[in-house]
Amino acid sequence: MTAITLAAPQQVLAQQVEISRAREAFVQAYEAGNLDSLMALHLPDSTFAGTLQPFWLHGPEVRDLWNRYLGGTQRRLVRFRDVETRLYADNVSVETGYMEMYMDRPPSPELIATFIRYSITRVRRNGDWLIANMNVARLPDGRP
């Protein structure tokens with residue numbers, strides 16, 4: 001029989017705050033177009049799967065994907081909504097919810113909206129909650 005240890009409520013709350021800060025750091029890096037800061041939030045061997053384009057990416061391919069997204073736009077916004085975070089032990093979390101991503105397509109100044117259902121698996125390393133896997137699926141009918 002496997003024993004399951006439940007974290008104290010204060011520890012869970014502290015971890016939730018840390019994960020929220022990691023999510024906000026993602027927003028700031030993405031909106032600033034800062035590829036190095038964005039990748040510092042990922043494990044080196046992180047994976048990415050999505051329906052925006054059907055693919056499964058690993059490690060350096062994840063960096064290439066973000067580089068293409070960031071390099072093709074001048075203005076970017078991302079909003080996370082209806083976020084739920086589940087903690088496993090004290091070093092793994094799975095976050096699910098919706099993302100609203102807005103980006104321009106130069107030379108047009110207009111922002112294009114993409115609405116996405118997502119999950120992010122994070123692993124805690126040296127006090128940082130790093131992305132191990134990000135999975136996104138475009139919502140076919142727009143907003144949830």
Side-chain angles (χ1 to χ4, degrees), residues 4 6-144:
I4 298 174
L6 298 176
Q10 302 91 327
Q11 181 182 357
V12 170
L13 181 58
Q15 290 171 331
Q16 295 272 359
V17 169
E18 291 170 358
I19 292 165
S20 292
R21 288 182 183 143
R23 185 180 323 104
E24 183 56 33
F26 179 93
V27 169
Q28 290 173 0
Y30 176 81
E31 290 183 356
N34 189 325
L35 180 62
D36 290 334
S37 293
L38 192 63
M39 293 314 300
L41 301 169
H42 290 70
L43 290 170
D45 61 347
S46 67
T47 56
F48 186 102
T51 59
L52 301 179
Q53 303 165 12
F55 49 66
W56 183 267
L57 303 175
H58 181 263
E61 297 168 329
V62 175
R63 182 181 183 87
D64 292 342
L65 171 76
W66 287 117
N67 189 40
R68 284 194 310 275
Y69 281 158
L70 298 177
T73 63
Q74 293 176 355
R75 293 186 313 142
R76 295 158 294 282
L77 299 171
V78 63
R79 299 295 176 258
F80 288 89
R81 296 189 311 107
D82 301 330
V83 176
E84 293 183 28
T85 303
R86 286 160 300 290
L87 294 164
Y88 300 93
D90 64 350
N91 66 339
V92 176
S93 73
V94 175
E95 173 185 317
T96 58
Y98 296 96
M99 293 170 58
E100 297 177 8
M101 297 185 86
Y102 302 89
M103 58 189 84
D104 64 358
R105 301 274 162 91
S108 172
E110 190 175 321
L111 289 177
I112 311 243
T114 304
F115 301 99
I116 299 165
R117 176 85 173 140
Y118 80 95
S119 69
I120 295 176
T121 302
R122 297 180 197 271
V123 176
R124 191 175 188 194
R125 295 271 169 89
N126 300 319
D128 295 322
W129 286 93
L130 302 176
I131 297 171
N133 175 263
M134 185 171 193
N135 192 318
V136 298
R138 182 191 314 246
L139 297 171
D141 297 328
R143 291 178 185 254

To the nearest 0.5 Å, what is the distance between [atom1] on [X] and [atom2] on [Y]?
X    : Y    : atom1 : atom2 : answer
L41  : M134 : CG    : CE    : 10.5 Å
D45  : N133 : CG    : CG    : 11.0 Å
M103 : L70  : CE    : CG    : 8.5 Å
H42  : I131 : NE2   : CD1   : 4.0 Å
Q16  : Q11  : CD    : CD    : 11.5 Å
R23  : T85  : CZ    : OG1   : 5.0 Å

Subject >> Option from Y118, F115, Y98 for which ring pair (Phe, Tyr, Trp, His ring centres under 6.0 Å) with F80 holds >> reply: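 Among the candidates, only Y118 passes.
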Would you find a donor on one side and an acceptor on the other, under 3.5 Å apart, between the side chain of [X] and the backbone of [Y]?
X    : Y    : value
E95  : V83  : no
E18  : W129 : no
D104 : R75  : yes

Original post:
Quick one: do the N135 and S119 side chains pair a donor with an acceptor below 3.5 Å?
Top reply: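 Note: N135 and S119 side chains miss the donor-acceptor criterion.
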Subject >> Donor-acceptor pair between T96 and R86 side chains, under 3.5 angstrom >> reply: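 Looking only at side-chain atoms, R86 and T96 do form a donor-acceptor pair, the distance falling under 3.5 Å.
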What is the minimum heavy-atom distance between [X] and [Y], and which atoms define it?
X    : Y    : value
E31  : V78  : OE2-N, 3.0 Å
Y102 : A113 : CE2-CB, 3.5 Å
L87  : S93  : CD2-CB, 3.8 Å
R122 : A22  : NH1-CB, 3.7 Å
E61  : W56  : OE1-O, 4.2 Å
D90  : R124 : O-CD, 3.7 Å

Original post:
Is the shortest side-chain N to carboxylate O distance from R21 to D128 below 4.0 Å?
Top reply: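 Looking at R21 and D128, the cut-off is not met.
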**OP:** Would you please indicate yes or no on a ring centroid separation below 6.0 angstrom for Y30 and Y69?
**Re:** no
**OP:** For the pair T114 and M99, evaluate side chain to side chain contact (heavy atoms under 4.5 Å, CB included) and give the outcome as yes or no after the intermediate values.
**Re:** CA-CA 8 Å; T114 304; M99 293 170 58; over 6 Å; no
Subject >> Trace of the side chain to side chain contact (heavy atoms under 4.5 Å, CB included) decision for T121 with V94 >> reply: CA-CA 4 Å; T121 302; V94 175; 4.0 Å; yes
Subject >> Check: M39 and V62 side chains under 4.5 Å, non-hydrogen atoms >> reply: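 Yes. Closest side-chain heavy atoms under 4.5 Å.
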